[in-house]
Amino acid sequence: MVGGPHPARRKRNPTMDLGVRWKLHGDGRTPAPGAVVRPDERLSWPRTVGLGAQHVVAMFGASFVAPVLMGLDPNLAIMMSGIATVVFLLATRGRVPSYLGCSLSFVGVAAVIRAQGGTSATVTGAVFVVGAALFLVGLAVQKFGARIIHAAMPPIVTGAVVMLIGFNLAPVTASTYWPQDQWTALLVMLFTGLAVVCLRGFWSRIAIFLGLVFGYGISWLFDRVFGKIHSVDASGKLTDHWRLDLSGVSKADWIGLPHLHGPTFQWSAILVALPVVIALVAENAGHVKAVGEMTGDPLDDKLGTAISADGIGSMLSTAVGGPPNTTYSENIGVMAATRVYSTAAYWAAAGFALLFGLCPKFGAVVAAIPGGVLGGITVILYGMIGLLGAQIWLNAGVDLRNPLNLVPAAAGIIIGVGNVTMKFTDTFSLSGIALGTLVVITGYHALRAFAPAHLKTQQPLLDEGTSSYDTEGGDGPQRATS
């Protein structure tokens with residue numbers, strides 16, 4: 001047959017379908033001026049491996065702090081983050097470059113569950129259910145489109161839930177970490193803040209990691225200069241102890257499997273964890289949108305797949321005792337700085353993560369992070385999580401002068417931050433994150449059903465000196481001229 005087989009009958013290359021076949025970009029060294037390395041391209045393999053290592057370093061701070069704060073094995077966390085990243089890249093066919101690291105959105109959930117007497121298995125069981133729910137949300141988005149997310153969770157709702165999840169963590173810092181070493185905490189907070197603001201490029205994106213390294217150094221120095229500190233330790237007991245205790249590092253093996261355990265399921269813990277689905281959907285949607293804009297490849301058709309893949313990754317991790325995962329914004333920063341969006345670099349990053357996960361000595365170093373260091377880091381980290389909710393409002397132009405937006409958000413945030421409790425029976429109650437989220441969601445939709453038409457047009461509650469408003473197109477208030 002002249003011209004070969006008919007195009008419709010050509011065999012498809014399975015490696016290309018899975019997004020694991022990359023074209024060499026240019027000379028394989030650096031992108032040309034104004035050019036970017038697309039997801040289906042790569043630089044030379046040595047450079048690609050180096051970029052993978054850079055991605056791992058970028059996610060170090062948050063991805064290792066999170067399991068420590070949740071009371072889970074950091075070795076297992078990093079190993080499962082590599083596996084989750086591989087699952088994500090395969091599911092999205094290599095079109096959405098992303099690293100899936102441990103989600104900080106669950107730190108408050110873990111603290112609440114443990115305060116109620118829950119174990120690590122209880123925490124991972126509750127989060128496993130969240131991963132399953134996230135997977136189902138992704139399937140729904142694939143079938144019905146992103147409009148179902150906007151209808152059920154408009155920006156006022158999403159922002160409020162993210163905000164209350166972050167600010168609900170404030171008592172954890174104030175009562176658990178900061179008192180262990182207040183001066184180290186203060187210095188680490190100042191150093192990390194300066195690193196975030198004053199450093200540029202890649203270094204600013206690993207500010208949390210730099211803060212951890214600085215905290216290690218300061219704790220070691222204070223132990224040498226001042227001796228043991230008299231304060232509460234990690235268990236809450238007032239003792240004389242070293243700030244930096246590395247005894248566990250010397251006992252740990254260089255090579256070995258992390259500790260695995262199965263999840264257990266309790267309704268009370270599951271109800272506390274479920275609201276985090278909203279935060280994860282918002283994180284994934286923002287990540288996919290940002291990557292699409294940077295690569296010039298609209299990825300709306302991959303949003304549902306990305307959400308489902310995140311859910312699968314979290315289910316795999318929590319099924320063996322690890323923490324949940326989510327797409328990491330730190331790695332978006334690395335891509336923006338290097339102009340390299342190659343998914344090959346993320347495969348390399350996943351490989352490094354697997355190797356680190358098989359090194360118990362490395363996990364012991366992470367687990368030895370002093371409490372005072374965590375105090376300084378979490379002051380900034382938890383606040384940043386909460387303020388991401390405000391960023392959602394700003395980006396969407398949410399008008400908080402409209403009582404339809406103001407009332408449910410205000411009530412839900414106070415309930416979440418203050419850990420308000422509603423007791424229904426002797427064995428069932430809702431409080432904090434779960435109750436606050438329920439109030440925001442049901443409150444907004446219930447009030448919208450009864451609100452007068454002029455409030456649904458986003459007209460502000462207070463005119464602040466303006467005589468008229470133009471709400472056409474949903475652009476918000478415009479100052480009138482006289």
Going through the checks in order, is the side chain to side chain contact (heavy atoms under 4.5 Å, CB included) test met by Ile441 and Ile278?
-> CA-CA 10 Å; Ile441 295 176; Ile278 297 174; 3.2 Å; yes
Mind running side chain to side chain contact (heavy atoms under 4.5 Å, CB included) on Leu100 and Ser81 for me, showing each step along the way?
-> CA-CA 6 Å; Leu100 266 63; Ser81 75; 5.9 Å; no
Take Met70 and Phe106, measure what side chain to side chain contact (heavy atoms under 4.5 Å, CB included) needs, and give me the verdict at the end.
-> CA-CA 8 Å; Met70 294 175 69; Phe106 289 92; 3.8 Å; yes
Under the side chain to side chain contact (heavy atoms under 4.5 Å, CB included) rule, what do Ile218 and Trp183 come out as? Steps first, then yes or no, please.
-> CA-CA 10 Å; Ile218 286 294; Trp183 295 112; over 6 Å; no
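Side-chain polar atoms of Thr173 and Thr378 form a donor-acceptor pair below 3.5 angstrom. With hydrogens and angles left out, the side-chain atoms of Thr122 and Thr119 include a donor and acceptor closer than 3.5 Å.
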Distance-only check: which donor-acceptor pairs under 3.5 Å involve side-chain atoms of residues 151-167, not counting sequence neighbours?
from: Thr158; atom 1: OG1; to: Met153; atom 2: O; distance (Å): 3.1
from: Thr158; atom 1: OG1; to: Pro154; atom 2: O; distance (Å): 3.3

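Taking all atoms of both residues into account, the shortest heavy-atom contact from Gly82 to Ala350 is O-CB, 3.5 Å. Shortest non-hydrogen contact noted between Thr124 and Gly262 is OG1-O, 4.5 Å. When all heavy atoms of Pro258 and Asn75 are compared, the closest pair comes out as CB-CB, 3.9 Å. Nearest heavy-atom pair across Phe88 and Ala309 is CD1-CB, 3.7 Å.
Ring geometry for Phe191 versus Phe214: interplanar angle under 30°, hence parallel rather than tilted (30 to 60°).
A salt bridge does not link Arg93 with Asp40: none of the charged nitrogens is closer than 4.0 Å to a carboxylate oxygen.
A distance-only check finds no donor-acceptor pair linking the side chain of Thr318 to the backbone of Pro323 [under 3.5 Å].
For residues 258-269, the set of pairs meeting the salt bridge (Lys or Arg N to Asp or Glu O under 4.0 Å) definition, not counting sequence neighbours, is empty.
Taking 4.5 Å as the limit, every side-chain heavy atom of Met315 sits out of range of all side-chain heavy atoms of Val87.
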